[in-house]
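All remarks here apply to the structure that follows.
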2 protein chains.
Amino acid sequence: MSSSSSGSAPQAKRGNTRQRIQDVALELFAEQGYEKTSLREIAERLDVTKAALYYHFKTKEDIIISVFEDSTRPIDELIEWAQGQPRTLETKREVLRRYSEAMASGAQLYRFMQENQATMRELSIGETVKKRLFTLVELLRTEEGPLADQVRCVSALFTLHAGMMFLQHVEGDPEETRQAALEVATDLITRAHQAQ
Amino acid sequence: MSSSSSGSAPQAKRGNTRQRIQDVALELFAEQGYEKTSLREIAERLDVTKAALYYHFKTKEDIIISVFEDSTRPIDELIEWAQGQPRTLETKREVLRRYSEAMASGAQLYRFMQENQATMRELSIGETVKKRLFTLVELLRTEEGPLADQVRCVSALFTLHAGMMFLQHVEGDPEETRQAALEVATDLITRAHQAQ
DNA sequence: GTCTATACTCCGATAGAC
DNA sequence: GTCTATCGGAGTATAGAC
C-alpha cells in the first residue's frame, strides 16, 4: 500500500504511473472483483487512457500478477525462515503471528484473494497461492497425528482469514479482533501440537 | 443436485429443461466462476441456443438466484428450528451437524459461494447469505463472552467450510474429513459455550 | 511515456418466425 | 419451447502520432 489509493484526485506526477496503476487496480479489484473491473475504469480513475495501461502492463492479468508478486514477499520470507527452524510449538506460534501481521498490512490483496478464488484459480498465480498454503499447513502440522489435528492446523489459518474478513465488518477495533483471532488460531495449533 | 450433472450427454427429454439449465449452469459456475461462464457455453452444453435460455430465465443472474433459492432451504429450516430451541450446547452441536450435512449434499453450490464471494456480494442474494451467516453465528455465540470466544464461533463455521473446500483436495475419504472438521468445529463451540 | 483512433471479439439480451 | 438474426455495449488489444 503506497499512495493515492483513497483520493479521487490523482496527482499529475510522472514516473510513478506504474505504481499508481497497481494501487488503483488493486483497490478496484478488491472492491468490485476482478472481472467486473474494466481497464477503462482503472484508466479513468487515473485520468489516463486505456492505451497508457498497455504501455506499462502487457495484459490485465499482468497487473494483478505484478501486485501479487510485489506484495506477498513477506509470506515467502516467512516460509523460508520457518523451514530453517526446529518444528517447535514456539516456531509455529511465530508463523501464525507473522502471517497475521502480513495479512493485516496487505489487507486489500488478501481480501481480493479471498473473494476472487474462482478467478485466482485460473490465473497463473493461483497455483502459487495454493502451494504456499499447503506449505504453511505442512509447517504447522503434526506428522501422522489424527486427522482432526490436521484439520486444526488448516482451521488455524482459516481462522486468521475469518478474523480479518468476516469479523472486521461487525466488531469495533480491527486490531483487537485480529488479536482475538490470533489467540484462537494459536490455541488450535497448540492443541494439535500437544496431541502429538 | 438432481440429475445430468456429471454426464456430457444431455438427454433430449423435454419438460425438464429448466432443471437441466440449472444443473449445467451450477456445474459451470462452480467450475469456472460466474463471470467467466457465458450463456453461450451453457446453451452449447445443453445443445440449445442462448435464446432458449431466455425463455426459462429472465437474466443470467436469475439462473443462479433460482439455483440458490432451491438449494438453500435446508439452511433456512435449520435456522428456524434452532431459533425455537433453548440455547444449549446440544442445540449448538446439532446446528453444526446439520450445517455440515447441508454443505455436503449441496457441495457444488457451496463451492460456488465460497469461490465467488466478490460476485455474490453484488448479487441480490449476497445480502441474504451474509444475514444468514450472522444469524448462525448469533445462534452459536455466547452472549457477552470474551471476544476470543466469539471468534471461536465464527471459526467453527469456517472450519466446516475449510474441511469441505480445502482438505477435500488433499486427503483420502471426503466423509472422514468432513467428520474430522465437524469434530474440530464442535470442539470450538464447546469451549466458547463453557467459558460462558 | 502518453495519447488518439481503431479493430475485433464476445457478451447479455431482445424481436419475431416457426 | 426453441430457433435465427441482430442489437448495443464493453472488453482486450494494437498501430502509430506526438
Side-chain angles (χ1 to χ4, degrees), chain A residues 2-4 9-29 31-67 112 116 118-120 122-125, chain B residues 3-4 9-29 31-68 112 116 118-120 122-125:
Chain A
S2 62
S3 65
S4 79
Q11 302 100 325
K13 292 266 177 64
R14 292 290 143 83
N16 61 343
T17 309
R18 189 188 154 90
Q19 177 68 51
R20 288 169 60 225
I21 293 173
Q22 291 177 317
D23 287 352
V24 169
L26 177 57
E27 193 187 335
L28 291 175
F29 288 160
E31 219 169 77
Q32 315 176 328
Y34 178 77
E35 346 265 348
K36 282 207 147 181
T37 303
S38 68
L39 294 181
R40 183 187 51 72
E41 207 174 350
I42 296 171
E44 261 171 21
R45 277 243 197 161
L46 290 165
D47 212 32
V48 298
T49 63
K50 269 196 296 179
L53 303 183
Y54 277 95
Y55 172 79
H56 293 280
F57 298 95
K58 241 177 56 213
T59 65
K60 185 186 183 185
E61 193 174 327
D62 261 24
I63 300 178
I64 188 62
I65 289 178
S66 77
V67 171
F112 168 79
N116 294 269
T119 302
M120 290 291 292
E122 316 223 332
L123 258 41
S124 57
I125 43 180
Chain B
S3 63
S4 79
Q11 303 98 324
K13 292 266 177 62
R14 292 291 143 81
N16 60 344
T17 308
R18 190 188 154 91
Q19 179 68 51
R20 287 169 59 224
I21 294 173
Q22 290 177 316
D23 287 353
V24 169
L26 177 57
E27 193 187 335
L28 290 174
F29 289 160
E31 220 170 78
Q32 315 175 328
Y34 178 76
E35 346 265 347
K36 282 207 146 183
T37 303
S38 68
L39 295 180
R40 183 187 50 73
E41 206 174 350
I42 297 172
E44 261 170 22
R45 276 242 198 163
L46 290 166
D47 212 30
V48 296
T49 62
K50 263 198 300 179
L53 303 182
Y54 278 94
Y55 172 79
H56 295 279
F57 298 95
K58 241 178 56 212
T59 64
K60 183 185 183 184
E61 195 174 325
D62 260 24
I63 300 178
I64 189 62
I65 289 178
S66 77
V67 171
F68 175 82
F112 168 79
N116 294 268
T119 303
M120 289 293 291
E122 316 222 334
L123 256 41
S124 58
I125 43 180

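Throughout, a chain's letter reflects where its sequence line sits, starting with A, and its residues are numbered from 1. Worth saying up front: this structure is predicted, and the values here are computed from it rather than measured.
Remark: Thr17(B) is not in phosphate contact with dG1(D), judged by side-chain N or O atoms under 4.0 Å from OP1 or OP2.
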Quiz item: Can Lys36(A) and Phe29(A) be said to form a side chain to side chain contact (heavy atoms under 4.5 Å, CB included), step by step?
Solution: CA-CA 8 Å; Lys36(A) 282 207 147 181; Phe29(A) 288 160; over 6 Å; no

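With sequence neighbours excluded, the residues forming a side chain to side chain donor-acceptor pair (under 3.5 Å) with Glu44(B) are Arg40(B), listed by chain and number. Remark: Glu31(A) pairs with no residue by the side chain to side chain donor-acceptor pair (under 3.5 Å) rule, at least two apart or across chains. A search for side chain to side chain donor-acceptor pair (under 3.5 Å) contacts involving Ser66(B) returns Gln22(B), not counting sequence neighbours. Residues passing the salt bridge (charged side-chain N to carboxylate O under 4.0 Å, His left out) test with Glu41(B): none are found, sequence neighbours excluded.
If you take CZ of Phe57(B) and P of dG1(D), they are 12 Å apart, rounded to a whole angstrom. Following rounding to the nearest Å, Arg18(A) (CZ) and dT2(C) (P) show an atom-to-atom distance of 12 Å. In this structure, the NE2 atom of His56(B) is 6 Å from the P atom of dG1(D), given to the nearest Å. For the pair Tyr55(A) OH and dA15(D) P, the interatomic distance rounds to 16 Å; values are reported in whole Å.
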Quiz item: Which nucleotides of nucleotides 4-18 of chain C have their base under 4.0 Å from a protein heavy atom (B), which only their sugar-phosphate (S), and which neither (-), written as one string 5' to 3'?
Solution: B------SBBBB---

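Counting only residues at least two apart or on different chains, no salt bridge (charged side-chain N to carboxylate O under 4.0 Å, His left out) pair has a member in residues 48-68 of chain B.
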